[in-house]
Structure formats: C-alpha cells, structure tokens
Amino acid sequence: MIQVNRMVVGRPESRAWRRFCRNRRGYVSLWLFMLLFGISLFAEILSNDRPLLVQYQGEYYFPLWVSYPETTFGGDFYTETDYLDPYIRERFSEADNWAIYPLNPYSYNTINYFFQHPNPAAPTAQHLLGTDDRGRDVLARLLYGFRLSVLFALLLTIIGTVIGIAAGALQGYFGGRVDLISQRLLEVWGSMPELYLLIIFASIFNPSLWLLIILLSLFGWMGLADYVRAEFLKGRNLNYVTAARAMGLGNLTIIWRHLLPNAMTPVITFLPFRISGAILALTSLDFLGLGVPPTTPSLGELLAQGKDNIDAWWLSMTTFFVLVGTLMLLIFIGEALREAFDSRRG
C-alpha cells in the first residue's frame with residue numbers, strides 16, 4: 001500500500017497572516033497598538049473629574065452620567081458639583097458615605113483650582129505627568145489626545161481609501177480616454193497648495209475636526225489611487241477578465257469580484273503608513289494653530305505648549321514619547337504587512 005503525502009495549500013489570506021505572525025516585531029506592535037487604543041476608548045472611565053459611583057446618605061448616585069447640583073451632597077450652591085472640592089470630598093468620607101473615583105481623577109479640561117503649585121507644574125503625586133500652562137492634567141490630555149488622533153486618522157484613512165480605490169479602479173479598468181482625462185485632472189488637482197488652502201479656510205471658518213477631515217480628504221486619496229490604477233491596468237486584459245466579459249458579466253461585477261481582490265495588496269500594506277501620516281498631519285496642524293479648537297485635547301497643542309514653556313520639560317518630553325511610540329508601532333505593522341503580502345516570499 002502506497003501512502004501519498006498531500007500538501008495542503010491554504011488560502012492566500014491565511015498564508016499572509018502566518019507570514020505576518022512570523023514577524024515578531026510587527027505582530028507584537030499590532031497587539032500593543034490595539035491594547036493602547038482599546039484603553040483610550042475607556043478614557044472617561046479611567047480619567048475623569050467625576051466619580052464613577054457615589055453612595056451618600058443611603059442613596060446611590062452616578063455622577064459620570066448624571067449631573068448633580070452641589071446641594072445634593074450638602075453644599076450651599078445649586079451649580080454643578082465640583083468633585084475636587086475638599087469640602088465635597090470630606091462629605092463623601094463621613095459616616096457610611098463613599099465615592100469611587102477614576103484612576104486619574106482629572107478630565108482633559110479639568111482645572112484643579114485647589115492645586116498649590118504654579119502652572120505649568122512639574123509631575124507630583126497629584127498630577128503624575130504634571131500640568132500644562134492652564135492647570136490641566138497632562139496625563140488626561142495625553143490619553144484623550146491619543147484617542148482623538150487615532151480616531152481622526154482611522155476616519156481619514158477610511159475616506160481616503162474608499163475614494164482612492166474608486167478613482168483608481170475606474171481609471172485602470174476603462175483606460176483610454178477616461179484614464180487620460182482623469183490623469184490630467186489629477187495632475188491639476190494635485191498641484192493645489194494644500195497648506196495654503198488650510199490657512200485660508202482656517203481664517204474663514206471656525207476650526208473644527210470635521211473641517212480638517214473634509215479638507216484633508218480632498219487630497220489624501222490621490223497617492224493610493226495611482227497604485228490601484230496600476231493594478232487594474234495590469235489585470236484588465238488577463239484571461240479570466242476576458243472570460244468574465246464573454247460570459248456577460250457587467251463592468252461593476254468584474255471590478256468588484258475579479259479585479260478588486262487582486263488589487264487590495266497595496267491598499268492593505270499602505271494602511272498603517274496612511275494612519276501614521278494622518279496622525280502626523282493632525283499633530284502638525286495643531287502645532288501651527290490650524291487644527292482643532294484650543295480646548296480640544298491634542299498632541300500638537302501640547303507640543304506647542306512645550307515650545308512656549310521650555311523649562312516645562314514634561315510637556316514636550318511626554319508628548320514626544322507618545323507620538324514617536326505610536327508612529328513606530330504603526331511603521332513596524334506596515335513593514336510586517338508589506339513582507340507578509342510579498343509574493344516573492346515563501
């Protein structure tokens with residue numbers, strides 16, 4: 001009896017994933033980045049100036065979700081309770097009263113009026129990473145700013161990827177005059193001064209996150225469209241595409257089912273680099289004062305404060321390590337993806 005050894009060939013996606021997992025640096029960077037981003041999604045629970053749960057005189061209160069006046073806890077005013085007030089904290093420690101505070105009892109816009117040091121203050125037991133020039137906790141602003149930067153980068157990357165795939169697919173599939181005219185239009189559009197447009201719009205409209213997303217989305221898709229266009233130009237005349245046309249399949253079906261899956265390799269491998277570029281763009285614009293409003297937590301705004309306050313080393317150093325660490329993780333992930341989807345590797 002002759003035993004025949006069978007070689008099992010997995011799907012290309014599974015082979016690429018196995019090659020990615022073999023790259024320990026990229027694999028660990030992926031999980032570390034996901035862990036940090038996952039932690040930042042719970043920023044309100046981890047860093048907030050409101051207690052998570054309060055028991056006062058036999059009643060339970062949830063200040064994190066509901067605003068209570070000071071009179072609720074024995075105060076004299078009907079304004080919202082300041083949970084950093086020593087009087088309120090003393091009331092919570094009386095008898096059977098208690099309160100569960102977040103690990104870092106400050107939000108990104110919390111100003112600790114009861115802090116005894118001038119601002120910006122160096123790291124202390126109260127503020128582990130110090131305060132900025134307005135008395136806000138640096139650790140809280142880093143946590144919220146990191147989440148904002150990643151969410152901004154993900155949304156900008158998704159929009160740019162969708163537009164880039166659509167534009168490159170149409171150019172590469174139809175070719176001819178469609179490709180020629182589109183390329184000339186892209187050359188004209190790409191020559192527009194992006195930074196000058198941002199400065200002009202920032203002077204006309206109030207700065208906002210959505211305005212930045214719209215403006216950056218107008219230009220962020222062109223680089224990806226060139227790669228998708230090249231893949232479609234290479235595959236539009238292959239035998240299986242010609243056979244699909246002969247079977248009567250429509251253009252959209254051929255693009256979606258046959259050509260697009262084979263053109264996704266450059267799209268996937270460039271995703272981490274596009275995310276890192278979007279984070280760097282937001283940080284740069286905030287540093288120049290052209291980004292989000294001043295009260296919004298931002299890494300670029302912290303770097304600008306570090307520039308204006310040279311002696312406050314904790315402002316620039318902590319932000320520098322967060323920004324550089326994030327970009328390094330994304331670059332390692334991108335390099336691992338590029339090697340995983342390289343068809344020349346076994």
Side-chain angles (χ1 to χ4, degrees), residues 33 36-37 40-41 108 141-142 144-171 182-229 264 266-304 307 319-320 322-331 333-334 337:
F33 177 78
L36 295 176
F37 180 54
S40 69
L41 293 178
Y108 67 90
R141 293 191 68 81
L142 284 176
Y144 284 86
F146 172 77
R147 182 180 66 177
L148 178 68
S149 299
V150 175
L151 290 176
F152 172 85
L154 290 176
L155 182 57
L156 186 63
T157 300
I158 292 173
I159 295 174
T161 300
V162 172
I163 298 177
I165 290 176
L170 293 178
Q171 286 181 253
S182 299
Q183 282 297 104
R184 301 292 81 78
L185 293 176
L186 287 179
E187 291 174 359
V188 174
W189 186 251
S191 63
M192 298 286 287
E194 183 178 354
L195 182 59
Y196 290 157
L197 289 177
L198 288 171
I199 295 175
I200 293 172
F201 280 103
S203 62
I204 297 176
F205 302 100
N206 293 326
S208 66
L209 194 65
W210 293 109
L211 179 62
L212 284 180
I213 290 176
I214 293 174
L215 293 178
L216 295 178
S217 297
L218 295 176
F219 300 93
W221 56 272
M222 290 184 292
L224 183 62
D226 293 335
Y227 289 99
V228 177
R229 168 180 170 268
M264 289 299 291
V267 175
I268 296 175
T269 54
F270 276 101
L271 281 180
F273 299 106
R274 294 180 63 84
I275 295 175
S276 62
I279 293 176
L280 193 59
L282 178 63
T283 304
S284 302
L285 292 174
D286 289 336
F287 180 81
L288 297 174
L290 302 175
V292 295
T295 57
T296 307
S298 167
L299 300 179
E301 190 259 349
L302 281 174
L303 287 177
K307 177 182 70 69
T319 310
F320 172 80
V322 170
L323 182 61
V324 172
T326 303
L327 296 180
M328 287 181 60
L329 291 177
L330 290 170
I331 290 174
I333 295 171
L337 282 175

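- Contact annotation: the side chain of Thr326 never approaches that of Leu299 to less than 4.5 Å [non-hydrogen atoms, C-beta and beyond].
- In this structure the side chain of Phe201 never reaches within 4.5 angstrom of the side chain of Ile214, judged on heavy atoms.
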**Q.** Intermediate values then yes/no, side-chain contact (heavy atoms from CB on, under 4.5 Å), Leu36 and Val150
**A.** CA-CA 10 Å; Leu36 295 176; Val150 175; over 6 Å; no

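- Val324 is linked by a side chain to side chain contact (heavy atoms under 4.5 Å, CB included) to Phe320, Met328, counting only residues two or more places apart in sequence or in another chain.
- Phe205 contributes atom CZ, which lies 7.0 Å from atom CG of Leu211 (distance to the nearest 0.5 angstrom).
- In this structure Ser149 satisfies the side-chain hydrogen bond (donor to acceptor under 3.5 Å, both in side chains) test with no other residue, sequence neighbours excluded.
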Q: Check the pair Leu323, Leu303 against side-chain contact (heavy atoms from CB on, under 4.5 Å), reporting the backbone distance first and the verdict last.
A: CA-CA 10 Å; Leu323 182 61; Leu303 287 177; 4.2 Å; yes

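- Summarising the geometry of Met222 relative to Gly190, their closest heavy-atom pair is CE-CA, 3.7 Å, with the distance given to 0.1 Å.
- In this structure a side-chain-to-backbone donor-acceptor pair under 3.5 Å is present from Arg141 to Thr296.
- Distance CD1/Ile165 to CG/Leu170: 11.5 Å, rounded to 0.5 Å.
- Between Ala304 and Phe287 the shortest heavy-atom distance is N-CD1, 3.5 Å.
- Val267 has its side chain within reach of Val228: a pair of non-hydrogen atoms, C-beta onward, lies under 4.5 Å apart.
- Distance check, rounded to the nearest 0.5 Å: CD1 of Ile163 to CD1 of Ile158 gives 12.0 Å.
- For residues 271-292, the side-chain hydrogen bond (donor to acceptor under 3.5 Å, both in side chains) pairs, not counting sequence neighbours, are Asp286-Ser298.
- The shortest side-chain heavy-atom distance between Asp226 and Gln183 falls under the 4.5 Å cut-off.
- Taken to the nearest 0.5 Å, the CG atom of Leu154 stands 5.5 Å off from the CZ atom of Phe37.
- Put simply, the side chain of Phe270 does not reach to within 4.5 Å of the side chain of Thr157, judged on heavy atoms.
- Here the straight-line distance linking atom CG of Leu215 with atom CD1 of Ile200 works out to 10.5 Å at 0.5 Å rounding.
- Classification of the Phe219-Trp189 ring pair by plane angle, with boundaries at 30° and 60°, yields parallel.
- Side-chain contact between Pro272 and Ile331 is absent, with no heavy atoms from C-beta onward closer than 4.5 Å.
- Proximity of Ile279 to Leu330: side-chain heavy atoms (C-beta onward) are separated by under 4.5 Å at one or more points.
- Expressed to the nearest 0.5 Å, how far OG1 of Thr295 lies from OH of Tyr108 amounts to 6.5 Å.
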Q.
Could you go through Ile213 and Ile159, starting from their C-alpha distance and side-chain angles, then the distance that decides it, and tell me whether this counts as side-chain contact (heavy atoms from CB on, under 4.5 Å)?
A. CA-CA 9 Å; Ile213 290 176; Ile159 295 174; 3.8 Å; yes

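- The number of heavy atoms from other shown groups lying within 6.0 Å of CZ (Phe273) is above 12.
- Leu186 has its side chain within reach of Trp221: a pair of non-hydrogen atoms, C-beta onward, lies under 4.5 Å apart.
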